[in-house]
K.L.:
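Would you mind keeping the following structure in view while I ask a few things?
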Amino acid sequence: MTSNFLHQLRACAKSKNHFMGKKLHAQIIKAGLDQWGILPNNLIDMYGKCGLLQEALHLFEELPQRDPVSWASILTAYNQANLPHQTLSIFPNMFAIDGLQSDNFIFATLVKACSSLAAVNLGKQVHAQFILSSFPDDDVVKSSLVDFYAKCRLLGDARQVFDSIFWKNSVCWTAMTYGYARNGRNLEAIELLRMMPVKDLFSWTALISGLVQSGDDIHALRLFIEMRKEGIEIRDPFVLSSIVGASANLAALDLGKQIHCLIVAFGYESSVFVSNALVDMYAKCSDILAARDVFNKIDKRDVVSWTSIIVGAAQHGQAEEALSLFDEMVLTGLKPNKVTFVGLIYACSHVGLIDKGRYLFDSMIKDYGIKPSLQHYTCLLDLLSRSGHLDEAENLIKTMPFEPDEPTWAALLSACKQHGNSQMGVRIANNLLSLKPQDPSIYILLSNTYAGAGMWHMVSKVRKQMAVMDFKKEPGYSWVELGKEGQVFYAGEASNKNRDEILGLLKHLDMEMRKRGYIPDTSLVLQDLEHLEK
DNA sequence: ACCACCGCAA
């Protein structure tokens with residue numbers, strides 16, 4: 001009888017079927033077994049896994065006799081509910097109230113909580129306690145430590161633990177690979193995957209998504225193709241949403257459409273993660289209608305769905321559309337988050353809706369209790385400075401509760417240039433120069449500012465500093481796709497096979513533009529060029 | 001009986 005209950009509880013936990021779980025719980029109570037043996041712990045575990053934290057907690061608190069298994073179950077429930085702070089804050093009661101000792105299961109949950117918080121020092125303390133415990137060789141705890149160090153970007157430490165694992169399974173292998181990939185150590189990540197004895201969907205997904213997160217979309221795509229060739233069955237949609245993200249970053253519309261087909265073929269259209277990624281992909285590829293189409297077909301839109309379409313509209317200069325989408329979203333009862341507001345203020349900034357932008361910034365704080373991040377201040381600053389409210393912008397940069405970073409100063413500086421305020425421009429340039437920026441484009445901006453103010457000695461100072469820093473500037477490029485071929489164009493390139501045709505077209509376009517009253521802005525070209533060449 | 005690895009928006 002009881003073993004039957006145990007079996008069924010485990011099945012509910014595995015399938016997250018809370019309906020069945022509650023029914024079983026009722027039967028267990030009716031049979032008078034709800035405090036019998038290990039059944040209470042199993043009930044706690046079942047409720048936790050089914051996402052019913054309150055029920056789990058209730059049973060946990062009612063338990064007359066708690067053991068480490070009860071604790072492991074409730075701590076896991078907190079982790080599962082994405083409340084790692086709670087995991088760590090109730091854990092000390094295990095000693096203080098129940099007088100119990102940690103076991104290896106508890107260690108693993110604590111490490112996991114630390115890794116989702118990237119709590120470096122706390123995690124290291126747990127690691128130390130683990131080494132001193134009576135089971136310092138537990139491979140599962142070591143796996144969780146690999147993940148912890150990798151998430152804290154301490155790859156050397158992660159690797160050290162990884163190497164100490166005797167029986168390496170796919171979990172620790174995946175954690176290590178993902179750690180390398182998302183920290184930009186792409187070649188090491190790929191090499192590690194190649195060394196993996198048995199690669200499953202998890203490992204491939206971890207590597208591919210890590211590569212996308214670190215910006216290596218090309219490698220991500222290649223590996224996705226390789227994974228397909230290996231015949232790995234795509235039994236969950238994780239990797240698909242990553243690879244849609246890669247197409248979005250590459251603005252590769254045809255590729256994105258192919259992936260979309262694959263998604264339909266595999267039956268993952270209804271995954272909200274996948275749909276959100278598709279909305280973003282179509283928007284980034286400038287097919288805003290397709291983005292809208294996918295968005296409209298999402299059954300249960302979440303904040304990310306709305307934010308994706310709002311940002312998409314904003315990026316295409318459709319500020320009014322973005323704002324009315326926002327109103328619609330609020331009407332459905334969803335709460336916008338900080339990313340939504342980045343999109344909204346960005347939208348206002350790009351069409352000069354200054355008052356609306358200011359209003360949204362305040363509303364974010366007052367109505368939604370969101371603390372503005374540096375990014376929000378940067379958006380607001382952009383809004384003010386683009387529209388020529390330079391003094392207000394400078395005041396903001398000085399009074400905001402963040403140390404402005406280089407791009408922030410650069411945004412203000414470029415607005416000074418735009419609005420011809422060279423006095424403020426020079427002031428800000430001096431400030432920025434003293435920060436010794438790393439980005440070559442900032443030096444160009446600095447040089448242009450000083451040149452605009454006729455401060456030629458400063459221009460040469462900037463040039464010298466640039467020379468010392470030995471920048472290797474990547475040439476700008478763009479591309480078009482012709483059938484299956486991609487044709488890449490680099491700035492200043494002179495050897496394209498269709499060169500004459502292209503130059504002819506450019507000349508024609510230039511003439512058309514001038515006819516319609518366009519006056520090219522050559523003020524930023526400061527080399528000694530002939531007028532026409534500028 | 002209880003633990004660890006992968007997904008979307010800036």
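Labels below follow one simple rule: chain letters A, B, ... track the order of the sequence lines, proteins then strands, and each chain is numbered from 1.
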K.L.:
Specify the separation, in whole Å, of atom CD of A:Gln35 and atom P of B:dA1.
P.N.:
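After rounding, the reported distance stands at 20 Å.
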
K.L.:
Which part of the nucleic acid does A:Val339 contact within heavy-atom distance under 4.0 Å: base, sugar-phosphate only, or nothing?
P.N.:
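Result for A:Val339 = base.
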
K.L.:
For the side chain of A:Thr109, starting at C-beta, report the closest nucleotide among B:dA9, B:dC3, B:dA1.
P.N.:
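Given the options B:dA9, B:dC3, B:dA1, the side chain of A:Thr109 is closest to B:dC3.
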
K.L.:
Under 3.5 Å, is there a donor-acceptor pair between the A:Tyr346 and A:Gln375 side chains?
P.N.:
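Distance-only check fails for A:Tyr346 and A:Gln375.
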
K.L.:
Can you figure out which of B:dC6, B:dA4, B:dC8 approaches the side chain of A:Thr76 most closely?
P.N.:
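Of all the options, the side chain of A:Thr76 is nearest to B:dA4.
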
K.L.:
Ring centroid separation for A:Phe148 and A:His127, is it under 6.0 angstrom?
P.N.:
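No, they do not, as the ring centres are separated by 6.0 Å or more.
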
K.L.:
Can the ring centres of A:Tyr268 and A:Phe273 be said to be less than 6.0 Å apart?
P.N.:
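So the answer is no for these two rings.
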
K.L.:
Using a cut-off of strictly less than 4.0 Å, decide whether A:Arg10 has a side-chain nitrogen or oxygen near OP1 or OP2 of B:dC2.
P.N.:
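Yes, A:Arg10 has a side-chain N/O under 4.0 Å of OP1/OP2 on B:dC2.
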
K.L.:
Applying a 4.0 Å non-hydrogen cut-off, can you work out what A:Ser170 is touching in the nucleic acid: base, sugar-phosphate, or nothing?
P.N.:
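Answer is base: heavy atoms of A:Ser170 come under 4.0 Å of a base.
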
K.L.:
Need one value for A:Asn169: base, sugar-phosphate or nothing, where a base atom within 4.0 Å counts as base even if backbone is also close, heavy atoms only.
P.N.:
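The answer is base, as A:Asn169 lies within the cut-off (heavy atoms under 4.0 Å) of a base atom.
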
K.L.:
Taking any heavy-atom pair under 4.0 Å as a contact, classify A:Tyr178: base, sugar-phosphate, or nothing.
P.N.:
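Touches sugar-phosphate only.
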
K.L.:
For the side chain of A:Asn41, counting heavy atoms from C-beta on, which of B:dA10, B:dG7, B:dA1 is nearest?
P.N.:
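So the nucleotide nearest the side chain must be B:dA1.
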
K.L.:
Applying a 4.0 Å non-hydrogen cut-off, can you work out what A:Lys168 is touching in the nucleic acid: base, sugar-phosphate, or nothing?
P.N.:
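Answer is nothing: A:Lys168 stays at 4.0 Å or more from every strand.
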
K.L.:
Please report whether the ring centroid of A:His58 lies less than 6.0 Å from that of A:Tyr47.
P.N.:
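For A:Tyr47 and A:His58, the ring centres are not under 6.0 Å apart.
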
K.L.:
Select base, sugar-phosphate, or nothing to describe what A:Ser271 touches, counting heavy atoms under 4.0 Å on all strands.
P.N.:
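If one applies the 4.0 Å heavy-atom cut-off, A:Ser271 turns out to touch a base.
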
K.L.:
Starting the side chain at C-beta, find the nucleotide from B:dC8, B:dC3, B:dC6 nearest to A:Asp236.
P.N.:
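In terms of side-chain proximity for A:Asp236, the closest of B:dC8, B:dC3, B:dC6 is B:dC6.
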
K.L.:
Just to confirm, is there a sub-4.0 Å distance from OP1 or OP2 of B:dC5 to any side-chain nitrogen or oxygen of A:Lys112?
P.N.:
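Checking B:dC5 against A:Lys112, a side-chain N or O does come within under 4.0 Å of OP1 or OP2.
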
K.L.:
So A:Gln80, base contact, sugar-phosphate only, or nothing? Heavy-atom distance under 4.0 Å.
P.N.:
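No contact.
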
K.L.:
Under the criterion of centre distance below 5.5 Å and interplanar angle below 30°, is A:Phe238 classified as stacked on the base of B:dC6?
P.N.:
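Stacking between A:Phe238 and B:dC6: present.
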
K.L.:
If you check every side-chain atom of A:Phe202, which of B:dA9, B:dC3, B:dC6 has the closest atom?
P.N.:
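Given the options B:dA9, B:dC3, B:dC6, the side chain of A:Phe202 is closest to B:dC6.
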
K.L.:
Between A:His85 and A:Ser89, is there a side-chain heavy-atom distance shorter than 4.5 Å?
P.N.:
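No, side chains not in contact.
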
K.L.:
Using a cut-off of strictly less than 4.0 Å, decide whether A:Lys284 has a side-chain nitrogen or oxygen near OP1 or OP2 of B:dA10.
P.N.:
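Answer is yes, contact under 4.0 Å.
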
K.L.:
By the 4.0 Å heavy-atom rule, please label A:Leu6 as base, sugar-phosphate, or nothing.
P.N.:
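Result for A:Leu6 = nothing.
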
K.L.:
Find the distance A:Ile259:CD1 to B:dG7:P and express it as a whole number of Å.
P.N.:
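So the two atoms are 17 Å apart, to the nearest Å.
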
K.L.:
When you compare the side chains of A:Asp67 and A:Ser70, does any donor N or O come within less than 3.5 Å of an acceptor on the partner?
P.N.:
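A:Ser70 and A:Asp67 do have a side-chain donor-acceptor pair below 3.5 Å.
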
K.L.:
Whole angstroms only, please: what is the CH2-C1' distance between A:Trp306 and B:dA10?
P.N.:
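Nearest whole value for this atom pair: 19 Å.
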
K.L.:
Can you measure A:Phe135 atom CZ to B:dC2 atom P for me and round it to whole angstrom units?
P.N.:
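Going from A:Phe135 (CZ) to B:dC2 (P), I get 17 Å.
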
K.L.:
At under 4.0 Å between heavy atoms, what does A:Asp45 touch on the DNA or RNA strands: base, sugar-phosphate, or nothing?
P.N.:
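It contacts sugar-phosphate atoms only.
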
K.L.:
Determine the contact category for A:Asp139: base if any of its heavy atoms lies under 4.0 Å from a base atom, sugar-phosphate if only primed atoms, P, OP1 or OP2 are that close, otherwise nothing.
P.N.:
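If one applies the 4.0 Å heavy-atom cut-off, A:Asp139 turns out to touch nothing in the nucleic acid.
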
K.L.:
Let me know the distance between CG of A:Leu278 and C1' of B:dG7, rounded to the nearest Å.
P.N.:
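Going from A:Leu278 (CG) to B:dG7 (C1'), I get 12 Å.
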
K.L.:
Mind checking if A:Ser143 touches a base, just sugar-phosphate, or nothing, with heavy atoms under 4.0 Å?
P.N.:
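Base: the residue A:Ser143, judged by heavy atoms under 4.0 Å, touches a nucleobase.
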
K.L.:
Could a donor-acceptor pair under 3.5 angstrom be found where the side chain of A:Asn337 meets the base of B:dA9?
P.N.:
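Result: at least one qualifying N/O pair found.
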
K.L.:
Consider the side chain of A:Val342, meaning its heavy atoms from C-beta on, and name the nucleotide among B:dA10, B:dC3, B:dC8 that approaches it most closely.
P.N.:
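Per side-chain heavy atoms of A:Val342, the pick is B:dA10.
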
K.L.:
Nearest-Å distance, CG (A:Asp98) to P (B:dC2)?
P.N.:
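Rounded to the whole Å, the gap is 20 Å.
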
K.L.:
State which of B:dC3, B:dA1, B:dG7 makes the closest approach to the side chain of A:Phe273.
P.N.:
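Nearest listed nucleotide: B:dG7.
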
K.L.:
A:Phe105 on top of B:dC2's base, within under 5.5 Å and under 30°?
P.N.:
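Yes, the aromatic ring of A:Phe105 stacks with the base.
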
K.L.:
Quick check on B:dA9: is either OP1 or OP2 less than 4.0 Å from any side-chain nitrogen or oxygen of A:Gln315?
P.N.:
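Indeed not, no polar side-chain atom of A:Gln315 lies that close.
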
K.L.:
Taking atom P of B:dA10 as reference, at what distance in whole Å does atom CG of A:Asn276 sit?
P.N.:
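Going from CG in A:Asn276 over to P in B:dA10 covers 11 Å.
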
K.L.:
So does A:Lys49 get a side-chain nitrogen or oxygen closer than 4.0 Å to the phosphate oxygens (OP1/OP2) of B:dC3?
P.N.:
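For A:Lys49, the contact criterion (side-chain N or O under 4.0 Å from OP1 or OP2 of B:dC3) is met.
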
K.L.:
Within the structure shown, what part of the strands sits under 4.0 Å from A:Asp280 by heavy-atom distance: base, sugar-phosphate, or nothing?
P.N.:
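Contact class for A:Asp280: sugar-phosphate only.
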
K.L.:
Less than 6.0 Å separating the ring centroids of A:Trp306 and A:Phe326?
P.N.:
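That pair fails the under 6.0 Å test.
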
K.L.:
Which one, B:dA4, B:dC5, B:dA10, comes nearest to the side chain of A:Thr174?
P.N.:
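Taking heavy atoms from C-beta onward, the closest nucleotide is B:dC5.
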
K.L.:
Over 60° means perpendicular and under 30° means parallel, so classify the ring planes of A:Trp173 and A:Phe162, tilted if in between.
P.N.:
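Answer is perpendicular, since the angle exceeds 60°.
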
K.L.:
Starting at atom CD of A:Glu269, determine the distance to atom P of B:dC8, rounded to an integer number of angstrom.
P.N.:
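Nearest whole value for this atom pair: 20 Å.
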
